[in-house]
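Below is one structure, written out as structure tokens, with a few remarks after it.
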Amino acid sequence: RSIMAFEGVAAVGDFVSFNGKYATIQSIGIRTTRLQWYSEITLVRNNEFKNYVNMPAEDKDRVTVDLCIDLREPLTRIESIIEKELPGIRDTLCKETGDNMKLKYRGVRDIEPNGKKLGFAIYCKGMYYGWSKRLLNKELLLMCERNGIQLAMPQIVINEPADIQKDSGNGDTIQVK
């Protein structure tokens with residue numbers, strides 16, 4: 001393992017969380033550490049590389065996707081559809097990428113004002129991150145369409161002044177602005 005002076009132990013190939021991003025350490029020099037986020041490579045001064053977190057190996061190749069389902073959809077119905085459809089979705093992802101990946105349903109991750117956020121995770125080779133995420137999004141949307149699952153829609157409230165019409169009592173209408 002290489003040692004970063006006064007900061008801790010890290011090695012080339014370690015998967016780390018740094019400044020809110022997940023990256024792989026490509027090289028460690030005397031003054032800088034080279035990190036790779038997907039296809040972007042960044043040099044970080046070692047004195048700035050203080051608050052990194054070494055991630056567990058299983059998280060290294062994990063891609064997460066959230067699907068927000070309408071609150072009115074019964075969870076038991078949704079989860080039975082997911083259980084039935086997930087093996088086929090996994091097979092499609094494996095066929096498309098040529099990678100033998102794992103796909104897991106991670107349950108309800110959050111409840112938002114307009115829907116239930118369901119989590120999914122793919123464990124794949126790092127080179128397939130973006131591609132796998134796009135493919136999984138597509139397959140989940142197709143699953144929803146096939147099974148009539150309503151997705152949550154953003155709630156938009158627009159407040160605009162309106163003309164109000166009032167009845168004066170004698171059949172005439174008065175416009176109030």
Side-chain angles (χ1 to χ4, degrees), residues 15-24 35-40 42 44 48 50-97 99 101-167 173-177:
F15 186 63
V16 297
S17 171
F18 178 69
N19 285 348
K21 294 182 180 181
Y22 296 105
T24 303
L35 302 175
Q36 180 173 2
W37 287 273
Y38 302 105
S39 60
E40 174 189 340
T42 303
V44 178
E48 295 172 3
K50 296 174 187 171
N51 299 318
Y52 77 93
V53 176
N54 225 335
M55 302 301 290
E58 72 175 28
D59 288 348
K60 179 177 182 180
D61 299 322
R62 182 177 72 186
V63 177
T64 58
V65 170
D66 290 330
L67 181 67
C68 202
I69 303 294
D70 192 298
L71 278 173
R72 294 170 290 194
E73 289 283 355
L75 185 60
T76 52
R77 174 181 174 281
I78 301 303
E79 288 186 330
S80 68
I81 291 169
I82 289 170
E83 185 179 347
K84 181 183 80 176
E85 295 258 358
L86 222 52
I89 292 173
R90 181 199 165 276
D91 291 346
T92 301
L93 295 174
C94 290
K95 182 180 173 187
E96 290 284 329
T97 62
D99 186 13
M101 56 182 67
K102 291 189 290 182
L103 173 60
K104 291 184 179 179
Y105 168 59
R106 312 222 11 126
V108 179
R109 293 185 16 89
D110 201 2
I111 297 175
E112 299 191 348
N114 60 335
K116 301 176 271 270
K117 190 184 284 188
L118 309 180
F120 297 85
I122 317 167
Y123 297 86
C124 61
K125 293 178 184 160
M127 59 198 249
Y128 296 120
Y129 280 5
W131 190 14
S132 298
K133 189 169 190 160
R134 286 189 301 274
L135 284 171
L136 181 56
N137 278 324
K138 174 186 168 190
E139 291 301 318
L140 290 173
L141 288 174
L142 290 172
M143 174 191 75
C144 291
E145 288 175 4
R146 280 192 300 273
N147 293 285
I149 298 171
Q150 294 296 311
L151 299 177
M153 300 304 288
Q155 295 180 352
I156 300 172
V157 178
I158 300 173
N159 294 313
E160 292 183 11
D163 293 340
I164 301 172
Q165 293 191 357
K166 246 183 170 176
D167 186 2
T173 336
I174 304 168
Q175 284 193 342
V176 180
K177 289 190 181 185

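Heavy atoms only: backbone and side chains are in, while hydrogens, waters and symmetry mates are out.
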- Message: Within a 6.0 Å radius of atom CD1 on Ile111, are there more than 12 heavy atoms belonging to other residues, nucleotides or ligands?
- Response: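 Not more than 12 within 6.0 Å, no.
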- Check: Lys116 side chain, Glu73 main-chain N or O, donor-acceptor pair, under 3.5 Å: yes
- Item | Rounded distance (nearest 0.5 Å) linking atom CD1 of Ile82 with atom CG of Leu140 | 8.0 Å
- Message: If you define the side chain from C-beta out and look only at heavy atoms, does anything of Phe120 sit under 4.5 Å from Ile89?
- Response: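 Of all side-chain heavy-atom pairs linking Ile89 with Phe120, none is under 4.5 Å.
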- Who are the salt bridge (Lys or Arg N to Asp or Glu O under 4.0 Å) partners of Arg106, not counting sequence neighbours?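 Testing Arg106 for salt bridge (Lys or Arg N to Asp or Glu O under 4.0 Å), a comparison that skips the adjacent residues, returns none.
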- Item | salt bridge (Lys or Arg N to Asp or Glu O under 4.0 Å) partners for Glu96, two or more places apart | none
- Item | Any side-chain donor near an acceptor of the partner, Glu79 and Tyr105, under 3.5 Å | yes
- Query: Listed by chain and number, what are the side-chain contact (heavy atoms from CB on, under 4.5 Å) partners of Cys144, not counting sequence neighbours?
  - Reply: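 With sequence neighbours excluded, Cys144 shows a side-chain contact (heavy atoms from CB on, under 4.5 Å) to Leu67, Ile69, Ile149, Leu151, given in chain and number order.
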- Task: State which residues pass side-chain contact (heavy atoms from CB on, under 4.5 Å) with Pro74; sequence neighbours excluded, sorted by chain then number.
- Result: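 So Pro74 forms a side-chain contact (heavy atoms from CB on, under 4.5 Å) with Thr76, Arg77.
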- Nearest non-hydrogen partners of Ala152 and Gly115, listed with the distance: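 Distance-wise, the nearest heavy atoms are CB-CA, 3.9 Å.
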- Check Arg109 against Gly119 and note the closest heavy-atom contact, atom names and distance. CD-CA, 3.2 Å
- Item | Trace of the side-chain contact (heavy atoms from CB on, under 4.5 Å) decision for Val108 with Leu118 | CA-CA 5 Å; Val108 179; Leu118 309 180; 3.7 Å; yes
- Verify side-chain contact (heavy atoms from CB on, under 4.5 Å) between Leu135 and Thr92, making sure each step is shown before the conclusion. CA-CA 9 Å; Leu135 284 171; Thr92 301; over 6 Å; no
- Message: Run the side chain to side chain donor-acceptor pair (under 3.5 Å) test against Asn137 and tell me which residues pass, sequence neighbours left out.
- Response: none
- Query: Checking side-chain contact (heavy atoms from CB on, under 4.5 Å) for the pair Lys133/Ile122: CA distance, chi angles, key distance, verdict?
  - Reply: CA-CA 8 Å; Lys133 189 169 190 160; Ile122 317 167; 5.5 Å; no
- Among residues two or more places apart or on two chains, list those pairs meeting side-chain hydrogen bond (donor to acceptor under 3.5 Å, both in side chains) that have a residue in residues 142-154. Glu85-Arg146, Glu85-Asn147
- Would Arg90 and Leu86 satisfy side-chain contact (heavy atoms from CB on, under 4.5 Å), going step by step from the backbone distance to the final call? CA-CA 6 Å; Arg90 181 199 165 276; Leu86 222 52; over 6 Å; no
